[in-house]
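Contents: one structure, followed by commentary.
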Amino acid sequence: MPPFHSKKDGYIYVDDLKIKVEKADGELMFRLAHNVGMGDNVQFVGMGARQGQAGRQAEYIYAIGQNDEILSMLDWVGQDRLVFGKDVFWSVQTARGWKNPVSHLTSYLVWVTVNTWHDYEDEDKKVIDRTMEITVYGPPKCGFEKLDSESRFDDHFWLSTRTLTAGLLHQNHDAIAIQGRLAELAQLFYDSVYTQGMEDTLEKAEWKGCSGQFDDIQVQAVYSMRRVGVCLTDANATIELHTLDGSKDMYMGSYNGTLPQIRHLVMAAVKAWETEEVKASFGRDEEVISFFQALQQK
């Protein structure tokens, strides 16, 4: 597992190992590896007990056969295309794509996350310690072959600034289409909630910091330096919406969730805003105000 294959006393060692077992699902099929510090200068900066340290991370996925043999392994390092977890079901990668499917032969999948830590000032990045987390994914009831063929990008791709940016950089058509859908949802919130009373409430609030409970959705909004930010959070997703003074548009600044989860979050907020009770719950929030006051003083 490069670049984490350095040895101690002749053996590859791990200082902290965690193993868990889960059921494979559509999210795993469209998961992207989160590799940090692989051949570039980007790295984790240690905090707390790891003050003065820096870290690197690499992730891998393996398809394992009935006799516990490795059928295929995905190593995201150096890939010049957008590679998903489901691509492990192909055992051969060529310049034109993938071939030799193994989904029908796969008994389970193994996702491995490796982290190493070194002294921040050490140019050689000599490993201080190494941690590894292994997740074994068993097959769903439908089996791996059907999971692979029927999982849809729009339903299962986990959206965040990092993952969607990766899709756009690789000119993935599904990612480009989803970016447009996120823009439509942001504008729907602007037209149906923000301009239908939320803007007025913010205008009336001193320091312009407000919050409210829209059924199961926690909403926070703040006006600062001619910019409005609205954060919506429920059990499954979080989004931040932004607009500028005088603008007729709203855009999604950050997001965490699948497209169906984010769509549900926005649609539920729009529906809840139709009731006077929910509108009345949205008002001045001292904690929100104090937080942004502290930010402005830094």
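Residues: numbered from 1 along the sequence shown.
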(request) Using distance alone, with no hydrogens and no angle criterion, decide if S211 and Q220 have a side-chain donor and acceptor under 3.5 Å apart. (result) no
(message) Pairing donors with acceptors under 3.5 angstrom, does anything connect the side chains of N35 and Y60?
(response) no
(request) Evaluate the side-chain contact (heavy atoms from CB on, under 4.5 Å) criterion for residues D155 and T258: first the C-alpha distance (whole Å), next the side-chain angles of each, then the deciding distance (0.1 Å), finally the verdict. (result) CA-CA 7 Å; D155 293 334; T258 63; over 6 Å; no
Interatomic spacing from [atom1] in [X] to [atom2] in [Y] - rounded to 0.5 Å:
X	Y	atom1	atom2	result
L109	E22	CG	CD	12.0 Å
H170	I176	NE2	CD1	12.5 Å
L164	L169	CG	CG	9.5 Å
T106	Y108	OG1	OH	11.0 Å
D191	M250	CG	CE	9.5 Å
Q218	T233	CD	OG1	7.5 Å

Taking a hydrophobic cluster as the set of Ile, Leu, Val, Met, Phe, Trp and Tyr residues connected by side-chain heavy atoms closer than 4.5 Å, whether directly or through intermediates, do [X] and [Y] fall within one such cluster?
X	Y	result
L202	L244	no
Y251	Y223	no
F89	L105	no
W158	L28	no
L71	Y62	no

(request) Not counting sequence neighbours, which residues clear ring pair (Phe, Tyr, Trp, His ring centres under 6.0 Å) with H264? List them please. (result) none
Within a strict 4.5 Å, meaning less than it, do heavy atoms of the [X] and [Y] side chains meet?
X	Y	result
Y194	V228	yes
L185	M252	yes
K20	K18	no
L232	T238	no
M198	F189	yes
L265	N236	no
D129	D16	no
H118	Q53	no

(message) Does L17 form a side-chain contact (heavy atoms from CB on, under 4.5 Å) with I134? I'd like the steps, not just the answer.
(response) CA-CA 8 Å; L17 173 63; I134 299 173; 3.9 Å; yes
Minimum heavy-atom distance between [X] and [Y], given as atom pair plus value:
X	Y	result
A33	R162	O-NH1, 3.3 Å
G257	A237	CA-CB, 4.3 Å
L32	E59	O-OE1, 4.3 Å
C142	L147	SG-N, 3.8 Å
S91	S72	CA-OG, 3.8 Å
K23	P139	CD-O, 3.1 Å

(request) Report the relative orientation of the aromatic rings in F214 and F282; use parallel for angles under 30°, tilted for 30 to 60°, perpendicular for over 60°. (result) perpendicular
(request) Report the relative orientation of the aromatic rings in F30 and F84; use parallel for angles under 30°, tilted for 30 to 60°, perpendicular for over 60°. (result) perpendicular
Under a 3.5 Å distance rule, please check whether [X] uses its side chain to pair with a backbone N or O of [Y] as donor and acceptor.
X	Y	value
E133	V114	no
N67	E69	no
W111	G85	no
S151	D148	no

[X] atom [atom1], over 12 foreign heavy atoms within 6.0 Å:
X	atom1	answer
D216	CG	no
Q66	CD	no
I70	CD1	no

(message) Let's go through L182 and L259 carefully: what are the C-alpha distance in whole Å and the side-chain angles of both, what is the deciding distance for side-chain contact (heavy atoms from CB on, under 4.5 Å) to 0.1 Å, and is it a yes or a no?
(response) CA-CA 8 Å; L182 293 178; L259 180 62; 4.2 Å; yes
(message) For R31, run the side-chain contact (heavy atoms from CB on, under 4.5 Å) check against E27, M29, H34 and tell me which one passes.
(response) E27
(request) Kindly indicate, with the supporting measurements, whether the criterion side-chain contact (heavy atoms from CB on, under 4.5 Å) is fulfilled by K248 and T195. (result) CA-CA 9 Å; K248 301 298 181 183; T195 61; over 6 Å; no
(message) Between the side chains of D215 and K271, is the shortest nitrogen-to-carboxylate-oxygen separation below 4.0 Å, so that they form an ion pair?
(response) no
